[in-house]
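Down below is the structure, laid out as structure tokens.
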Amino acid sequence: MQMTRLANSQGLEILHDGHRTRLKWHRLRKRVADPLFSAEVMAEGFAAGASMELDLRVRADGGFVVLHDRELEGETTGHGPIAAKTIADLRDISMRDGGRPLILSEDLAAMMQATHPAALLQFDMKDDYEAIGTHGIEHLAVHFRDITASVIVSGGSLDLIMAVKEKLPHLLRGIDPTDKLYDIRQASGWGAAEMKLRADLRGPTEPDTIYLHWQLILDAAKDGLDLIGLCRDEGKRVDAWTFTLKDPGAGFSEKEWRSFSTLMALKPDQVTTDEAPATERAWRLRMPG
């Protein structure tokens, strides 16, 4: 029997065939209409026990700011590369959406004091270890050494995740080998991609969660390779990113339903989405009972 969490959906999870798949709020948005990287939505998620993600970009002084892009122009009223800015440079800059102040790493720890025990916040590091360096890792250690909230630090740079492991061993770690696996698959086939993924899963980063693009998961499954099962056999969780309904009010299109239902049959531990409540609601409408 298939069922969803509850009738009054909060966009937290889907239960299907006895398996729980969390719905992670991408870039601190419960829905696309929410402002990007909203402190208010983060507080709501902490209270509800949501899984949420934010992006971190390194500053020139070794601290971080919650933004996705390398340049300030797209998301903020500022200009130029974030890596060239100090905390003083960013204090007078605001988000384009609503004129809200930027969230700095110095502010985050204080914002994470009161959390539901099930809440999880992902720090998705958008720079590699060469850009962040020991100064940036030390900054994270100073500001997040004593937090009680559940945090997972993720990134595509294995050197960076190793540095986090050494300095902040109490935080969970995640790796995203998606781009690498796409490249290996294209050059040498799925067998080579599988070998590389297994090596990363057994590697010294000791990741808790593997972040994989949902289309990569489906492409592999179509050719007989179950990436989620492979990770699960190694004791790892899988986050399938980022599946967002084109029309949240209408629910799944037929094409979206084929993809999402196939993905759910593979039982990911988490699906990243910009429309968590709408996705849970759409699933319930397709799977009555």
Co-membership, hydrophobic cluster, residues Leu120 and Val238, 4.5 Å side-chain: no
Heavy-atom donor-acceptor pair, Thr21 side chain to Pro268 backbone, under 3.5 Å: yes
Closest non-hydrogen atom pair between Thr178 and Asp176, with its separation: OG1-OD1, 2.7 Å
Any residue meeting salt bridge (Lys or Arg N to Asp or Glu O under 4.0 Å) with Arg20, in chain and number order, not counting sequence neighbours: Glu13
By salt bridge (Lys or Arg N to Asp or Glu O under 4.0 Å) - contacts of Glu206 (at least two apart): Lys165
All ring pair (Phe, Tyr, Trp, His ring centres under 6.0 Å) counterparts of Trp190, not counting sequence neighbours: none
Side-chain (Glu234) to main-chain (Arg202) donor-acceptor, under 3.5 angstrom: no
Pair Phe123 + Phe144: ring centers closer than 6.0 Å: yes
Minimal non-hydrogen separation, Thr115 against Ala149, with atom names: CG2-CB, 3.8 Å
Atom of Pro169, atom of Arg173 and distance for their closest heavy-atom approach: O-NH1, 4.0 Å
Salt-bridge contact Arg258-Glu254 (side-chain N to carboxylate O under 4.0 Å): no
Salt bridge (Lys or Arg N to Asp or Glu O under 4.0 Å) involving Arg145 - partner list, sequence neighbours excluded: none
Salt bridge (Lys or Arg N to Asp or Glu O under 4.0 Å) involving Arg100 - partner list, sequence neighbours excluded: none
Arg284 and Glu280: CA distance, side-chain angles, deciding distance, salt bridge (charged side-chain N to carboxylate O under 4.0 Å, His left out) verdict: CA-CA 6 Å; Arg284 183 173 65 247; Glu280 189 174 350; 5.2 Å; no
Plane angle bin for Trp241 and His213 - parallel if under 30°, tilted between 30 and 60°, otherwise perpendicular: tilted
Gln122 and its side-chain hydrogen bond (donor to acceptor under 3.5 Å, both in side chains) partner, picked from Glu53, Lys24, His26: Lys24
Distance in Å, Gln270 CD paired with Arg22 CZ, rounded so as to fall on 0.5 Å steps: 6.5 Å
Shortest non-hydrogen contact between Asp200 and Lys180, atoms and distance: OD2-NZ, 2.7 Å
Verdict with reasoning, Arg237 to Asp208, per salt bridge (charged side-chain N to carboxylate O under 4.0 Å, His left out): CA-CA 6 Å; Arg237 286 188 273 260; Asp208 172 87; 2.6 Å; yes
Shortest non-hydrogen separation from Ser150 to Ala119 and the atoms involved: CB-O, 3.4 Å
Check: Met162 main-chain N/O paired with Thr205 side-chain donor or acceptor under 3.5 Å: no
Ionic contact status for Arg59 with Glu106, cut-off 4.0 Å: yes
Mind listing the side-chain donor-acceptor pairs of residues 129-142 below 3.5 Å, one per line with the distance, residues two or more places apart or on another chain?
{"from": "His135", "atom 1": "NE2", "to": "Asp61", "atom 2": "O", "distance (Å)": "3.4"}
{"from": "Glu138", "atom 1": "OE1", "to": "Lys167", "atom 2": "NZ", "distance (Å)": "3.0"}
{"from": "His139", "atom 1": "NE2", "to": "Ser105", "atom 2": "OG", "distance (Å)": "2.7"}

